[in-house]
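See below for the structure under consideration.
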Amino acid sequence: MTDNLESKKSKSSKSIVRSGLLLTLMTFASRIMGLIREMTKASFLGTGLYADSFTVAFMIPNLFRRLFAENAISAAFIPTFKDYLSKGDSLENKKSTQEFLISTFTLVSFLTTCVVILGIIITPFLMPIFCDMPAKNAADYAARLEYYLLESKETTILTRIMFPYLFLISVAAFFQGILNSCNVFAPSGFTPVMFNGIVILATYILAPHTSNPARAMSIGVILGGSVQAVFQWPFVRKTGWKVGFTSLSKTFKNPGTRKVISLIAPTIIGIAAYQLNDTVSTSMAKHVGVGIASSLSYSLRLQELILGIFAVSIGTVILPDLSVFANKKDWTQFNSMLLQAIKIMTLISIPITAYSLITGRELISLLYKNKLFDDDSVNLTLGVFRFHIAGLLFIALNRIIAPAFYAQKKPKLPTIAGIINFGSNILLVFALSKPMGGRGIALALSLASLFNTISLFAFMKKMEAIEVGHLVFGTMIYAIKMCIFSVIAAIPTFFAHKALVSTFAENGRLIAFGAPIVISAIIFASVGVLELIITKDEIVRVILKKVKK
């Protein structure tokens, strides 16, 4: 009997590992497809009026999606649904669970529908926030007024087209919550890949038949959101649970749904603070100049790809261990694992930052340069990217440190850190956007991420049995070591890259930009790996052990 139980646990553990690895691969595929989507946007829209209008229009429903759909599902719905599932398979519990699902689905559908309708109505009144009004004493007042009216009109149209995406993605997120709670990960992991693919296809197919390519891309967003929801529905039915509607009175009286509402309220503050950074940055970018908002979008997408390549994998493999050690109150292992995770992020992010600063122009040109994305667009995005990539280490560390608080069930502290991040970003954006333009907005985000990291380290004093001094000292020493190693590796790479760019300049885009990037990466990585081998770096041994495991 005991052997049989252990066998089941082993099979379950292997299944979860397989699911986790599959989800990691799909997340990576989604990032790649997201980058291709941005490449399509760069090709069709460049960094002009339509690119800025699409960036703002897509950001507004996306903000609500991140605030309500994703946050509600991860922080409130899944824990509550799992509580129901843990109570067993009795007929009474199945009935109450089914009532909970229907009530919550009704709530999600009702609230998002209301927000969509309200959003479509008030969209024109939001435009002065995001579109630059011409100064009354400007010499070119008439031309600027005409530009503003066109920009405002187009942004309004695009926003109204895409606002229903909030409803579609909320339904998709609800389906994902059911599937993930039942340990079914593949369908919801694949839907973002489908979404990006549909947006890309719609842009190419519909662009010749719409007033401008931005509208074709917006229609693609709606089609992609619809597929995200519909694709998961058959898999939800296979779990045995049904979705439907009930009356609003029953919805708000359901104890499970009321618990979901109570759970989402505290966490939404921290999420809002973080997500509003994008909104404020985009708003200021629109007032700084043409193309700034879209160049920020292109730069962030490239940064997210670089971050997603390793952050998702490392988080999947290492971070779940923190919860295990916290539950066992094995604080020695908890501290050791947290420091290892921080060092791994440092080992990867600092060298990648150095390499990206050397090859940034070629990376942007290879990915985006095409049709409307000309040399001016490359220069605009490059200036922003250099300041974005400077904050890569801090963004990566925040994604490692914050879950350590959740592992000890202290979510309020990272929420406060998020508010500090938001406040500092707002102040810095206002201070730096005028003198530095888009580069100042990017620098503000990087500095705010640094302040967030410092806040999280400071708040660790309130956590149980955390050796804060040892953690901070170990992080700083290792970061300095990686900075020195990166500078040493960067010197030969810089001169080699300069020669490579000249050598391949006369070739086509793929060779002209791709060859210097690849060869420079090989040179940089070779020197870096040699440094780690010579110094017998302990984190490399940890990584190899984790990869084998």
Side-chain angles (χ1 to χ4, degrees), residues 15-16 18-41 58-59 61-78 81 101 104-105 108-109 112-113 116 161-205 217-243 271 275 301 304-305 307-309 311-313 315-316:
S15 176
I16 291 171
R18 280 196 298 268
S19 298
L21 290 174
L22 182 62
L23 190 60
T24 297
L25 290 173
M26 287 184 177
T27 303
F28 176 60
S30 173
R31 294 293 178 97
I32 294 294
M33 290 299 292
L35 180 63
I36 296 173
R37 188 189 79 206
E38 288 297 296
M39 292 166 67
T40 303
K41 175 183 163 187
F58 189 45
M59 178 204 66
N62 234 9
L63 171 65
F64 286 101
R65 171 184 69 85
R66 290 168 178 169
L67 284 179
F68 300 111
E70 292 178 355
N71 183 54
I73 298 305
S74 61
F77 172 73
I78 290 178
F81 185 35
L101 289 177
T104 306
F105 183 71
V108 169
S109 302
T112 52
T113 299
V116 167
I161 291 173
M162 288 189 282
F163 229 117
Y165 174 68
L166 171 62
F167 171 80
L168 298 168
I169 197 61
S170 297
V171 172
F174 180 79
F175 289 163
Q176 179 180 344
I178 295 176
L179 293 173
N180 289 359
S181 297
C182 297
N183 294 325
V184 180
F185 299 98
S188 53
F190 185 60
T191 53
V193 180
M194 296 176 66
F195 169 79
N196 286 316
I198 289 169
V199 173
I200 293 164
L201 283 174
T203 306
Y204 277 95
I205 294 171
M217 207 165 197
S218 299
I219 294 169
V221 168
I222 294 300
L223 294 174
S226 301
V227 171
Q228 279 185 289
V230 173
F231 178 77
Q232 295 181 87
W233 183 53
F235 296 96
V236 172
R237 292 187 65 184
K238 283 184 180 180
T239 65
W241 299 110
K242 299 176 183 179
V243 292
I271 299 278
Q275 296 301 338
R301 175 58 64 180
E304 285 174 6
L305 173 69
L307 191 64
I309 289 173
V312 174
S313 300
T316 301

Drop me the distance from [X]'s [atom1] to [Y]'s [atom2], to the nearest 0.5 angstrom.
X      : Y      : atom1 : atom2 : result
Met33  : Ile198 : CE    : CD1   : 9.5 Å
Ile222 : Phe167 : CD1   : CZ    : 11.5 Å
Ile200 : Glu38  : CD1   : CD    : 10.0 Å
Met39  : Ile32  : CE    : CD1   : 10.0 Å
Ser218 : Tyr165 : OG    : OH    : 12.5 Å
Ile78  : Leu179 : CD1   : CG    : 10.0 Å

Could you tell me whether the side chain of [Y] reaches within less than 4.5 Å of the side chain of [X], counting heavy atoms only?
X      : Y      : answer
Arg31  : Leu35  : no
Phe174 : Val236 : no
Phe105 : Phe77  : no
Val227 : Thr191 : no
Gln232 : Ile178 : no
Ile169 : Gln228 : yes

Which atom of [X] lies closest to which atom of [Y], heavy atoms considered:
X      : Y      : value
Val171 : Ala229 : CG1-CB, 4.1 Å
Val184 : Pro187 : CG1-CD, 3.7 Å
Met162 : Phe58  : CE-N, 3.5 Å
Ser188 : Asn180 : OG-OD1, 3.3 Å
Ser170 : Thr112 : OG-CG2, 3.2 Å
Ser30  : Val193 : N-CG2, 3.7 Å

- Mind checking whether Phe190 and Phe235 have ring centres under 6.0 Å apart?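 Not close enough - the centres of the two rings lie 6.0 Å or further apart.
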